[in-house]
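Numbering of residues begins at 1 and proceeds along the displayed sequence.
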Amino acid sequence: MSLPLLKLGAVLSTMAIISNWMSQTLPSLVGLNTTRLSTPDTLTQISPKEGWQVYSSAQDPDGRCICTVVAPEQNLCSRDAKSRQLRQLLEKVQNMSQSIEVLNLRTQRDFQYVLKMETQMKGLKAKFRQIEDDRKTLMTKHFQELKEKMDELLPLIPVLEQYKTDAKLITQFKEEIRNLSAVLTGIQEEIGAYDYEELHQRVLSLETRLRDCMKKLTCGKLMKITGPVTVKTSGTRFGAWMTDPLASEKNNRVWYMDSYTNNKIVREYKSIADFVSGAESRTYNLPFKWAGTNHVVYNGSLYFNKYQSNIIIKYSFDMGRVLAQRSLEYAGFHNVYPYTWGGFSDIDLMADEIGLWAVYATNQNAGNIVISQLNQDTLEVMKSWSTGYPKRSAGESFMICGTLYVTNSHLTGAKVYYSYSTKTSTYEYTDIPFHNQYFHISMLDYNARDRALYAWNNGHQVLFNVTLFHIIKTEDDT
């Protein structure tokens, strides 16, 4: 075989190596075989645990913007891992870019040789045609040799054309790699603008400032109810579940009381996760049956209405015994003045930022709702407010910052329809809808620590988020 053919074979071999390398290496380096690169706007999706959650916002009388947020968990390891993966990807792209540059130089050198060879082949073809026209003047033997050589070269012409295309493709790849490297560098600069430790300290500082700000928040007015979030599906259509609003941040015990009558068993779970999985930590057998579903756990004790009476019981979980009991004077009981769904829901015990409350109705107030603030130790009524809203027309009610909010139904289409402020002794009609997902609510209570509504929704334990209008107290107000 002649020297030109050997060189051409080397060129084709080089092309095969390049093609094989690009098909196997490029996809894995740039992530085309496993993931798809996103644009900077969609590169990172922040989950609720990674972002700040604004749960209320408003303006104060002076026009200042105010808001309340929930800080995320103090765990930035996932973001740090993403940044590290991005740096590794960028290094691979840079290495690949250098390899492409070397291949490009070799390709350009071989390409010049191919162009020269292509010209020679085309000239040879033209010469052959000329000779073929004058073949009568040549010896038959010489003509046959020349024709055989030309037959060997003819199949290489389309191969050379393909080689030129491949050379252009390599140039195109080089440009795309350069662009990708620039994009990744920009993303790395955006994500890695701060060192991990510096960023972590900034987050901790911001969280501290936000918590200090939250301490200055006065009680808020209910503006919106969103959700629900279904935590678990269990029990009968009626029941109650709750956490202690005065418990420490590390104490997330859940208490579960199924049915509205003929039951004395309270189930305790160490956390929401244990509650969902059904891992009970303790069971309490109360000395009395309860009535209704409107119980409350407050400062380590359970407050409930004793069955077939208007007596309120305070039961200590830690001591396992009754600490106090007292009759709620004139309060109707045993379905005399229940909520719209019945179920011996005459007396509703609840707690908010201010303290412990009882909501009920009396004959003296014509069956309309009475609000009483209770002493959490003795259960004595410290003060009462008489409203004009019929207890039997209320679906459920709950207290937030000393204001009672009443729903107009326990069925689909229910909304917060009426509110009464114990601070000003005034009422107003409201229109705050919420989604009654499972069609029947038999318990709806506000938890001041979680700033959420706990509900028993037709055998489903759900949570509603609330949006409150807050005013931040300034130094001059204290």
Trace of the side chain to side chain contact (heavy atoms under 4.5 Å, CB included) decision for Met257 with Leu302: CA-CA 11 Å; Met257 302 169 69; Leu302 170 67; 3.9 Å; yes

Might you point out which heavy atoms bring [X] and [Y] nearest each other, and give the distance in Å?
| X | Y | result |
| --- | --- | --- |
| Tyr260 | Thr293 | CB-CG2, 3.8 Å |
| Arg326 | Leu379 | CD-O, 3.3 Å |
| Asn305 | Ile311 | ND2-O, 3.1 Å |
| Leu349 | Ala358 | CD2-CB, 3.8 Å |

So CZ of Arg449 and CD of Glu353: to nearest 0.5 Å the spacing works out to 13.5 Å

Interatomic distance, Phe288 atom CZ to Gln308 atom CD [nearest 0.5 angstrom]: 13.5 Å

When you compare the side chain of [Y] with that of [X], does any pair of heavy atoms fall below 4.5 Å?
| X | Y | result |
| --- | --- | --- |
| Phe434 | Ile441 | yes |
| Gln376 | Asn299 | yes |
| Thr422 | Lys383 | no |
| Asn368 | Thr362 | no |
| Trp290 | Asn263 | yes |
| Val462 | Val231 | no |
| Ser301 | Leu323 | yes |
| Ile347 | Leu328 | yes |

Under the criterion side-chain hydrogen bond (donor to acceptor under 3.5 Å, both in side chains), I'd like the reasoning laid out for Tyr418 against Asn408: C-alpha separation, chi angles, the key distance, then a yes or no. CA-CA 8 Å; Tyr418 175 91; Asn408 63 345; over 6 Å; no

Using a strict cut-off of less than 4.0 Å between a Lys/Arg side-chain nitrogen and an Asp/Glu carboxylate oxygen, indicate whether [X] and [Y] qualify as a salt bridge.
| X | Y | result |
| --- | --- | --- |
| Lys221 | Glu428 | yes |
| Lys314 | Asp377 | yes |
| Asp431 | Lys415 | yes |

Does NZ or CZ of Lys391 come closer than 6.0 Å to the centre of the six-membered ring of Tyr339, within 45° of the ring's axis? yes

Going by the rule side-chain contact (heavy atoms from CB on, under 4.5 Å), which residues pair with Asp450 if we only count those two or more places apart in sequence or in a different chain? Thr243, Asn447, Ala452, Tyr454

Can you confirm whether or not the ring centre of [X] sits under 6.0 Å from the ring centre of [Y]?
| X | Y | answer |
| --- | --- | --- |
| Tyr389 | Tyr420 | no |
| His334 | Phe344 | yes |
| Phe317 | Tyr284 | yes |
| Tyr315 | Phe304 | no |
| His435 | Phe464 | no |

Let's go through Trp341 and Ser409 carefully: what are the C-alpha distance in whole Å and the side-chain angles of both, what is the deciding distance for side chain to side chain contact (heavy atoms under 4.5 Å, CB included) to 0.1 Å, and is it a yes or a no? CA-CA 8 Å; Trp341 64 276; Ser409 173; over 6 Å; no

Looking at Lys232, I want to see if its NZ is surrounded by more than 12 non-hydrogen atoms of other residues, nucleotides or ligands under 6.0 Å. yes

Please say whether more than 12 non-hydrogen atoms of neighbouring residues, nucleotides or ligands are located less than 6.0 Å from OH in Tyr427. no

Could you walk me through whether His460 and Thr233 pass the side-chain hydrogen bond (donor to acceptor under 3.5 Å, both in side chains) check? CA-CA 4 Å; His460 302 266; Thr233 300; 2.8 Å; yes

For a ring-ring contact (aromatic ring centres under 6.0 Å, His included) with Trp241, tell me which candidate from Trp255, Phe275, Tyr256 qualifies. Phe275

